[in-house]
Protein chains: 4
Amino acid sequence: MEKPAYIHETELKVRDYECDLQGIVNNANYLHYMEHARHEFLLSAGKSFSDLHEQGIECVVRRIEIEYRVSLRSKDVAVCRLYLRREGPKYIFYQDIYRKADGRLCTRGKVECIVTIRGRVTRGDELESYFKAYLN
Amino acid sequence: MEKPAYIHETELKVRDYECDLQGIVNNANYLHYMEHARHEFLLSAGKSFSDLHEQGIECVVRRIEIEYRVSLRSKDVAVCRLYLRREGPKYIFYQDIYRKADGRLCTRGKVECIVTIRGRVTRGDELESYFKAYLN
Amino acid sequence: MEKPAYIHETELKVRDYECDLQGIVNNANYLHYMEHARHEFLLSAGKSFSDLHEQGIECVVRRIEIEYRVSLRSKDVAVCRLYLRREGPKYIFYQDIYRKADGRLCTRGKVECIVTIRGRVTRGDELESYFKAYLN
Amino acid sequence: MEKPAYIHETELKVRDYECDLQGIVNNANYLHYMEHARHEFLLSAGKSFSDLHEQGIECVVRRIEIEYRVSLRSKDVAVCRLYLRREGPKYIFYQDIYRKADGRLCTRGKVECIVTIRGRVTRGDELESYFKAYLN
């Protein structure tokens with residue numbers, strides 16, 4: 001498999017409260033990691049999630065697919081890498097999480113977002129200027 | 001669309017800390033709702049997640065697909081309904097969350113789990129006795 | 001010790017994701033339980049936290065003391081009981097959490113809140129009408 | 001006020017899901033920050049929380065006092081500083097969280113822990129060797 005051309009990377013150290021009684025990071029927390037990684041990417045592209053919110057613009061998640069391969073544990077560092085596609089009104093984030101110590105792929109995610117302005121779904125052009133350089 | 005034949009239902013009131021700065025339940029928390037609903041179902045079928053864990057048996061999530069349609073908010077009650085299929089070693093939970101006040105479908109989820117014993121993947125038969133009555 | 005005259009009670013079943021790798025409810029989650037219990041109390045008194053927020057009125061936590069005596073675990077039900085005092089601008093919630101199965105006291109909490117309107121601290125009178133019946 | 005002699009520092013960037021509908025970091029999440037900071041400190045002292053757990057040694061929180069002064073928000077970086085005292089069987093962590101941008105003190109916390117071995121409270125000497133250099 002050809003390696004995807006990631007455009008952004010965020011490192012997050014596992015926090016022990018994120019692990020559940022199985023001793024592994026609880027499945028929901030990977031969505032937290034992925035959200036934080038998207039927002040860090042958005043910041044690096046010049047815009048913050050909270051600023052958008054204050055302008056009435058929301059980037060809303062519509063669909064997530066996530067495949068769990070290797071469990072992260074206490075002391076692990078997650079490397080969250082992503083790239084981005086646009087399909088009409090949808091921005092699709094491909095987000096893979098690796099374990100830093102050995103580079104193993106832990107989860108693969110696909111997150112579809114749409115843009116709303118004051119609650120109404122838009123064609124997504126509001127974020128085009130921020131993301132243009134990253135779409136191909 | 002024919003209505004699925006749900007086999008279990010759990011009601012969860014939205015807690016305000018589950019809402020993020022958009023004022024809606026954060027996307028990761030639906031995975032928490034769904035996990036709690038599965039574990040409640042498991043309990044109703046005669047077994048607890050923590051007891052299984054103590055016996056070295058883990059029900060591990062391998063893949064989740066979730067579609068977000070309507071956002072839950074403060075004061076809403078989520079009705080989490082599910083049914084179950086088995087495909088070889090995989091147990092597949094179909095989990096839909098409704099808003100109690102008006103019955104609207106908020107999220108649709110599909111959660112694939114496998115069973116491990118002391119870390120090794122099994123053919124899944126360990127849970128068959130608990131789930132048999134619910135599989136069709 | 002004389003038993004306090006609680007004015008409100010909320011039951012919460014432990015959710016497995018709230019337990020950490022020690023197998024017990026993580027210490028931060030008791031603050032979540034206590035917050036949810038306060039908001040349920042507020043609702044029962046005729047007002048919601050989110051409605052207040054939309055009016056620019058915030059009930060802000062200033063100080064928490066919490067004593068952990070007995071750990072809650074998977075399958076336990078927490079019974080969150082509270083009573084309320086006012087000291088000038090401060091509303092002080094005394095919040096105790098019991099384990100339902102045997103009535104044991106698990107945590108004792110004291111939560112001091114103040115009221116702000118559009119970011120400015122007030123003398124707290126905005127909430128007096130809702131809480132009056134419960135103060136003594 | 002004389003500035004305390006902190007012995008450890010951890011930086012944590014606020015994640016948007018940690019903010020609630022008031023737009024500020026939810027009060028329970030500061031306990032998460034403080035726990036992560038303690039575990040990072042423990043790691044720097046040569047021991048991990050999860051390794052201790054596997055040896056049957058638990059560092060259990062018995063009491064927390066936390067004072068909230070300034071709210072952290074989206075995009076803020078929390079600087080978590082701590083120092084440590086021992087009082088008989090109790091290890092007391094004094095944990096202050098500052099906002100990185102302007103150095104303002106956001107929360108002050110005092111966390112009392114005891115040590116248990118396979119569920120029994122000890123005199124705390126098991127951790128003395130790790131903490132000795134930091135106690136005074």
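Quick caveat, the model's predicted, so the values are computed rather than measured. Throughout, a chain's letter reflects where its sequence line sits, starting with A, and its residues are numbered from 1.
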Measure the CD-CG distance between C:Glu18 and A:Asp20 for me, rounded to the nearest 0.5 Å. 12.0 Å
Point-to-point distance, once rounded to the nearest 0.5 Å, from CG of A:Asn26 to CG of C:Asp16: 9.5 Å
If you round to the nearest 0.5 Å, how far is CG of A:Leu21 from OH of C:Tyr17? 13.0 Å
